[in-house]
Undergrad: 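Please see the structure below; I have some questions.
A quick note: this is a predicted structure, and the numbers were derived from the prediction, not measured.
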Amino acid sequence: MVVHCEGLTRRFGDRTAVDNVGFEIATGERYGLLGPNGSGKTTTISMLVGVLEPNAGSVVIGGHDMATDGAAARSLVGLVPQELALYEDLSALENLRFFGRLQGIGRRRLAARIDDVLDIVGLTDRASDRVSEFSGGMKRRVNIAVGLLHEPQLLVLDEPTVGVDPQSRDRILDAVETLGGEGMAVLYTTHYMEEAERLCDRVGILDTGTMIAEGTRDELVADVGRYDVVAITAAVGDLDALHAAVRGAPGVRTATVSGSGVEAVVDDGAAAVAPLVAAASAAGVVVTGVETRRPNLEAVFLGLTGRALRD
C-alpha cells in the first residue's frame, strides 16, 4: 500500500474543514478524490503531502509516517498543483534541469529522466522552446513532467486539465492511464466527471469535509441503482424557475441545472416524466426533450451531495 491515511482532521478556528477522513491508495491504483467546491479536497491534499499539519489523524506514504519521518515521506510524492510552478523565461528543458537539480538528482540520471518525462507528456519536440510560448495546456504538461522527474511512488494531480486545450487534455489523460499501468499510485482530483469515469479505479467523495462515499464506479452506482435520472432540455424559459419546479415535483430526490436544462435523480423514471413535464410547463418553459437513463457516476454524486461536481 503506497498511501494510508486515517482520521485526518483539520480545523481553522471554529471551522472544521476536514473531519475524520481516511483512505488508501495501492501501487498502480488511480484514486479519484471528488467533491464540490469547499468540500475539503485541497485541505486533504495539503495534509497528505505534508504542507499542512493535521489536528488529528495520520498519513503514511511508502511506509514513512508524515509526522515522524516527513522528509522521507515527501520524497516519495510528486505534487502537481493547480497553480503553475514554472519559470516562463526558461525553456521546458531548462525548467526540468533546474527542478531536477533542486531535487538532488544526479546529472546523468537527470538527463535520462528528462528524456523520459518529456516523452510521457508529449513535449520532446518542444523541449528547447520557452515556456512563455506554450499554451496553457502545454504548460500544465511541463508541470506534470516536473512532478515525475524523481520517479515518485505517488503522483498527486490537483485538477490538471482545468482550462487546457483538447489536445493537451487528451495527452494528460493518456499519461495518467500509462503511469497507473506502470505501477505508479495516482491521486487525481477533477471537476470533470467524465475524467473520473475514464481514469479512476476507485473514487472517494467528499462533502462538507467528510468522506460520504467510497468505492469503485460500479460499487457506487449500485448503491444508488434504485434511482433513475431524468434529463429535461428546454428551448425557452427561466432555468432557475424550471429547477425550482423540478425539485418540488413528486419523487424527485435532487436536481441540478445542466447546460440548457435540468437533470433530476428520481425514484421512478417512468412515473416521474409526466409530473416533471407538467412542472416545466407551469414554469413557462418550452421543453424540447426528455431522457430517462440509469444512474452513472455523475448521478451518484448528485444524489449524494445534491450538487453537480462543477458547482
Undergrad: Could you check if a side-chain atom of Ile25 sits within less than 4.5 angstrom of a side-chain atom of Leu187, using non-hydrogen atoms only?
TA: yes

Undergrad: Indicate yes or no: at least one non-hydrogen side-chain atom of Glu6 is less than 4.5 angstrom from one of Ser58.
TA: yes

Undergrad: Check this for me: does any side-chain nitrogen of one of Arg202 and Glu219 sit under 4.0 Å from a carboxylate oxygen of the other?
TA: no

Undergrad: To the closest 0.5 Å, what do you measure between CG (Leu297) and OG1 (Thr216)?
TA: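 The CG atom of Leu297 sits 9.5 Å away from the OG1 atom of Thr216.
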
Undergrad: Tell me whether Glu197 at atom CD has more than 12 heavy atoms from other residues, nucleotides or ligands lying less than 6.0 Å away.
TA: yes

Undergrad: Are Thr161 and Arg140 close enough that some pair of their side-chain heavy atoms sits under 4.5 Å apart?
TA: no

Undergrad: In the single-linkage hydrophobic clustering (I, L, V, M, F, W, Y; side-chain heavy atoms under 4.5 Å), do Val121 and Leu179 co-cluster?
TA: yes

Undergrad: If hydrophobic clusters are built from ILVMFWY residues whose side chains come within less than 4.5 Å, do Leu96 and Leu102 share one?
TA: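 Yes; Leu102 is reachable from Leu96 via cluster members.
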
Undergrad: Please check this pair: side chain of Thr233 against backbone of Ala231, looking for a donor-acceptor N/O pair closer than 3.5 Å.
TA: no

Undergrad: Using a strict threshold of under 4.0 Å (side-chain N to carboxylate O), is an ion pair present between Arg30 and Glu195?
TA: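 No, no charged N to carboxylate O under 4.0 Å.
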
Undergrad: Is there a continuous path of hydrophobic side-chain contacts, each under 4.5 Å between heavy atoms, that joins Leu154 to Val59?
TA: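 The answer is yes; both residues are in one hydrophobic cluster.
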
Undergrad: In Å and rounded to the nearest 0.5 Å, what is the CG to CG distance from Asp207 to Leu34?
TA: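 Result: 11.5 Å between the selected atoms.
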
Undergrad: Measure from the side-chain N and O atoms of Arg74 to the backbone N and O of Val49, and report whether any donor-acceptor pair falls under 3.5 Å.
TA: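 Checked: no pair found.
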
Undergrad: Measure up the Phe98 and Tyr87 rings against each other and bin them: parallel (under 30°), tilted (30 to 60°), perpendicular (over 60°).
TA: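 Perpendicular.
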
Undergrad: Considering all heavy atoms of both residues, which atom of Leu242 and which atom of Ala280 are nearest to each other, and what is their separation?
TA: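 Smallest heavy-atom distance, with atoms named: CD1-CB, 3.6 Å.
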
Undergrad: Looking at Met66 and Leu48, what are the two nearest heavy atoms and their distance?
TA: CE-O, 3.1 Å

Undergrad: Specify the closest pair of heavy atoms between Ala255 and Arg247, including all atoms of both residues, with the distance to one decimal.
TA: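 Between these two residues, the closest heavy atoms are CB-CG, 3.7 Å.
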
Undergrad: Applying side chain to side chain contact (heavy atoms under 4.5 Å, CB included), run through Val252 and Val230 and close with a yes or a no.
TA: CA-CA 9 Å; Val252 174; Val230 177; over 6 Å; no

Undergrad: Rounded to the nearest 0.5 Å, what's the gap from OG on Ser168 to CD1 on Ile144? Could you check?
TA: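 Answer rounded to 0.5 Å: 9.0 Å.
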
Undergrad: Is Val156 linked to Met184 within one hydrophobic cluster, defined over Ile, Leu, Val, Met, Phe, Trp and Tyr using a side-chain heavy-atom separation of less than 4.5 Å?
TA: no

Undergrad: Which is it for Leu148 and Arg113 under the side chain to side chain contact (heavy atoms under 4.5 Å, CB included) test, yes or no, and what are the steps along the way?
TA: CA-CA 9 Å; Leu148 291 170; Arg113 285 300 299 154; 4.3 Å; yes

Undergrad: Within the 4.5 Å heavy-atom criterion, are Phe23 and Thr44 side-chain neighbours or not?
TA: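 They are in contact (side-chain heavy atoms under 4.5 Å apart), so the answer is yes.
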
Undergrad: Side chains of Ile105 and Leu149, heavy atoms from C-beta outward: is any pair under 4.5 Å?
TA: yes

Undergrad: Minimum heavy-atom separation for Glu29 to Glu24, with atom names?
TA: OE1-O, 4.0 Å

Undergrad: For side chain to side chain contact (heavy atoms under 4.5 Å, CB included), just list the numbers for Leu90 and Val131, CA-CA rounded to whole Å, side-chain angles, deciding distance to a tenth of an Å, and then say yes or no.
TA: CA-CA 6 Å; Leu90 301 181; Val131 169; 5.9 Å; no

Undergrad: Return yes if a side-chain donor-acceptor contact under 3.5 Å exists between Ser128 and Ser91, otherwise no.
TA: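 Not at all, the side chains of Ser128 and Ser91 share no donor-acceptor pair under 3.5 Å.
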
Undergrad: Going by heavy atoms in the side chains, are Ile172 and Arg141 under 4.5 Å from each other?
TA: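 With C-beta onward as the side chain, the pair touches.
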
Undergrad: Rounded to the nearest 0.5 Å, what separates atom CG in Leu86 from atom CZ in Phe134?
TA: 9.5 Å

Undergrad: How long is the straight-line distance from CD1 of Ile61 back to CE of Met1, given to the nearest 0.5 Å?
TA: 13.5 Å

Undergrad: Give the minimum heavy-atom separation between Arg171 and Ile120, together with the two atoms involved.
TA: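 Looking at all heavy atoms of both residues, the shortest contact is NE-O, 3.8 Å.
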
Undergrad: Nearest 0.5 angstrom please: Gln103 CD to Glu151 CD, how far?
TA: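 Taking CD in Gln103 and CD in Glu151, the distance rounds to 11.0 Å.
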
Undergrad: Are the side chain of His150 and the backbone of Leu76 linked by a donor-acceptor contact shorter than 3.5 Å?
TA: no

Undergrad: For residues Phe301 and Leu220: do they belong to one hydrophobic cluster (side chain heavy atoms under 4.5 Å, members Ile, Leu, Val, Met, Phe, Trp, Tyr)?
TA: yes

Undergrad: Measure across Val142 and Ala92 and return the closest heavy-atom pair with its distance rounded to 0.1 Å.
TA: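 Closest approach of Val142 to Ala92: CG2-CB, 4.2 Å.
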
Undergrad: Any side-chain donor-acceptor pair under 3.5 Å between Asp158 and Thr189?
TA: yes

Undergrad: Using a 4.5 Å cut-off on heavy atoms from C-beta on, say whether the side chain of Pro81 contacts that of Asn143.
TA: yes

Undergrad: Would the distance check show the side chain of Thr256 and the main-chain N or O of Glu263 forming a donor-acceptor pair, the cut-off being under 3.5 Å?
TA: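 No; zero donor-acceptor contacts below 3.5 Å.
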
Undergrad: Hey, mind stepping through Gln82 and Val162 against side chain to side chain contact (heavy atoms under 4.5 Å, CB included) and telling me if it holds?
TA: CA-CA 8 Å; Gln82 292 182 37; Val162 171; 6.0 Å; no

Undergrad: Are any of the side-chain heavy atoms of Thr43 and Met47 separated by less than 4.5 Å?
TA: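 Yes - at least one pair of side-chain heavy atoms lies under 4.5 Å apart.
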
